[in-house]
Amino acid sequence: MTKKFFITTAIDYVNGRPHVGHAFEKILADALARWKKIEGKEVFLLTGTDENAQKNAQVAKEKGVPIQKFVDQNSKIFIELCKILDVNFDRFIRTTEAEHKKLCQDIFKKVYDKGEIYKGKYEGYYCTGCEAFITEKDLVEGKCPEHNKEPEWISEDSYFFDLSKYKRELIDFIEKGYIVPETRRNEILSRLKNEELKDLCVSRSNLDWGIDNPIDPKFKIYVWFDALLNYVSGANGNWPADVHIVGKGINWFHSVIWPAILISAGYKLPKTLLVHGYLNLGGKKIGKSLGNTIDPIDLAKKYGADPVRYSLLKCSVFEDSDYSEDILIERNNNELANKLGNLVSRIASLIEKYGLEKTENSLLKKLKLKSIEKHMQNFEVDKALNEIFAFVDICNEYVQNKKPWETHDKKVLYEIADSIRIIAILLWPFIPSTSEKIGKQFGFKKFLLSEIEKPLSPSNIKKGELLFKKIEL
RNA sequence: AGCGGGGUAGAGCAGCCUGGAGUGCUCGCAAGGCUCAUAACCUUGAGGUCGUGUGGUUCAAAUCCCACCCCCGCUACCA
């Protein structure tokens, strides 16, 4: 079996409902996966949920639900999110799966046997209010700011991973270009070069939830050691990953800790880490406490998958960007309905009346395909979409100038119809169900870049239903 | 504090690396055109001291250098 192009998303905590940030990452991953597909490649897309975290156990306890039942329920919501947004994953991994747990323990043991996990003392300030260690600089006047309590100094046995050993190797690996974009790469490199790299504590005590430490059953495995390994246990033979897609908040874990674990355990390293920015809602950070969350499942139910997908994919991948329901509506109305939907609608209507005559498509040379491909290569999805929609504009101008409603010129209509076919192919990764509708209406089935130059066979085209409805504000 | 990113028309951006008239994009606003189409589409126009410095380099600076102001991010076991 040949290895497929392997894309991952981060796996999500299931202690709450998904927000638009989760949706953004999954849609981005799906769009990149589908783009690879129209390039003719075989793709494997992995996503899933991170279920062994103590936070999940905490929230379950607060709600009075048995932990396993709680994570089962919430994991389903993340699967529902994918389904409703047409995120076509090939594997949905849950870190509570037996296979994953076994792999985790095997790797933990392997690294331990190699001598790169060792027993030591974990020392630090422990706040009994938080039930967690807190760092010295988080203290306010020597007290935990949240509980206004003086923390205890605790020293306890722990297992450590020999992360510091890999400093040089990590720098070399990252300098070869693992992290995208460059600014995130520089952030990590400067920290690696300028700060001390400490060993990583990979065990936790006093927990009743998580994967058992195979060396010492009094401990659980640190949840990040466990979570990162989902990429291997869920790979179905496709490791190493070609692209890991993660948010900027977990860059360190994926840039430093993850490659180090892999080197130590004797695995190949992933090719690219794509670090995306966050979405702000109305200029504010997404947060439950702010009460400004939009439920992406509700959005999809209300407006359909494609307007949600499109409006999110128009956000900048690398920078933080603003998102809101108003932005969704604006992009739906102005770009999807007015430009694309209306073009298809007016042309289908004209063809129904006057018919088609095959000819060379003179518009094709105005399509900046190379530029679109380059943007996709660089993960600049928003810019690729701009370029595709620039071609939609060119089509609308052409209709305007050629006035086929007066001339009844079947050749002009053919050129536009063929251009619409090309647009549908290019947009399939982003708004797949719309593209497929256009395919049905215009009589073509293949969504591949290699089909672009193959002319449309004229068929019986009818006006049909509107692709996008306008949303009233 | 350290490191990084940003400050360009009413809003959001691109342009900066590799200097050449403030060029461009998405929207908003104004006027006109068209009537095939989802009151859609097309054309034109108004609107900018390109954060500040009457700073440096240059024939020429949004672009390179310096200083300052403002915003934002990252700072490891907390996703």
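What you see is a predicted model, and the numbers here were worked out from it, not measured in a lab. Proteins get letters first, then strands, A, B, ... in listed order; numbering begins at 1 in each.
As rounded to whole Å, 12 Å separates atom P of B:rU75 from atom CD1 of A:Ile250. Distance A:Phe253 CZ to B:rC74 P: 13 Å, rounded to the nearest Å. Nucleotide B:rG28 holds its P atom 14 Å from the CD1 atom of A:Ile327, rounded to whole Å. Rounded to whole Å, atom C1' of B:rC27 lies 10 Å from atom NZ of A:Lys314. To the nearest angstrom, C1' of B:rA79 lies 13 Å from CG of A:Asn230. Atom C1' of nucleotide B:rU26 and atom CZ of A:Phe389 are separated by 12 Å, given to the nearest angstrom.
Residue contacts shown for A:Ile257 are absent, as no nucleic acid heavy atom lies under 4.0 Å away. At the heavy-atom level, A:Arg204 lies under 4.0 Å from the strands shown only through sugar-phosphate atoms. The residue A:Lys198 sits close to a base: some heavy atom pair falls under 4.0 Å. If you check every strand for non-hydrogen atoms under 4.0 Å, A:Trp252 touches a base.
Spacing between B:rU26 and B:rC17 at atom P, rounded to whole Å, works out to 25 Å. A gap of 9 Å separates the P atoms of B:rC50 and B:rA9, to the nearest Å. With C1' as the reference atom, B:rC16 and B:rG51 are 16 Å apart, rounded to whole Å. Comparing the same atom, C1', in B:rA14 and in B:rG55 gives a spacing of 28 Å after rounding to whole Å. The gap from the C1' atom of B:rA62 to that of B:rU23 amounts to 11 Å, rounded to the nearest Å. Of the P atoms belonging to B:rA40 and B:rC27, the separation is 12 Å, rounded to the nearest Å. Nucleotides B:rU52 and B:rG7 are separated by 11 Å at their C1' atoms, to the nearest Å.
Taking 4.0 Å as the cut-off between side-chain N and carboxylate O, A:Arg421 and A:Asp418 count as a salt-bridged pair. A salt bridge is absent between A:Lys402 and A:Asp409; no separation between the charged side-chain nitrogens and carboxylate oxygens falls under 4.0 Å. One finds a salt bridge joining A:Glu335 and A:Lys314 here, because a Lys/Arg side-chain nitrogen approaches an Asp/Glu carboxylate oxygen to under 4.0 Å.
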I'd like a table of donor-acceptor pairs (distance under 3.5 Å, sequence neighbours excluded) in which one partner is a side-chain atom from residues 347-357 of chain A, with atom names and distances.
unit_1: A:Glu352; atom_1: OE1; unit_2: A:Lys463; atom_2: N; d: 2.7
unit_1: A:Tyr354; atom_1: OH; unit_2: A:His408; atom_2: NE2; d: 3.4

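Closest non-hydrogen pair, A:Leu192 versus A:Lys167, comes out as O-CE, 2.8 Å. Contact detail for A:Val14 and A:Asn56: the closest heavy-atom pair is N-OD1, 3.4 Å.
The aromatic rings of A:Tyr166 and A:Phe161 sit parallel, their planes meeting at an angle under 30°, below the 60° perpendicular limit. Between A:Phe253 and A:Trp224, the ring planes are parallel. Angles under 30° get that label, and only those over 60° would be called perpendicular.
The aromatic ring centres of A:Tyr159 and A:Tyr118 sit 6.0 Å or more apart.
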Atom pairs, N/O to N/O, protein against nucleotides 3-6 of chain B, distance under 3.5 Å?
unit_1: B:rC3; atom_1: O2'; unit_2: A:Ser190; atom_2: OG; d: 3.2

Fill in the blank from the handout: Going 5' to 3' through nucleotides 31-44 of chain B and flagging B where a protein heavy-atom sits under 4.0 Å of the base, S where only the sugar-phosphate is that close, and - otherwise, we get --BSSBBB-SBSS-
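For A:Thr9, the side chain to side chain donor-acceptor pair (under 3.5 Å) partners two or more places apart in sequence, or in a different chain, are A:Thr47.
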Completion exercise
For RNA chain B, the expected dot-bracket line (Watson-Crick or G-U under 3.5 Å, [ ] crossing, | inter-strand) is ((((((((.[[[[[)....(..]]]]].(((((.......))))).....[[[.[[..)....]]]]])))))))....
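Residues in residues 173-212 of chain A take part in these ring pair (Phe, Tyr, Trp, His ring centres under 6.0 Å) pairs, two or more places apart or across chains: A:Phe173-A:Tyr178.
Within the 4.0 Å cut-off from OP1 or OP2 of B:rC77, not a single side-chain nitrogen or oxygen of A:Tyr222 is found.
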Practice task
Before giving the answer on salt bridge (Lys or Arg N to Asp or Glu O under 4.0 Å), spell out for A:Asp30 and A:Lys26 the whole-Å C-alpha distance, their side-chain angles and the decisive distance to 0.1 Å.
Solution key: CA-CA 6 Å; A:Asp30 184 65; A:Lys26 291 186 194 302; over 6 Å; no
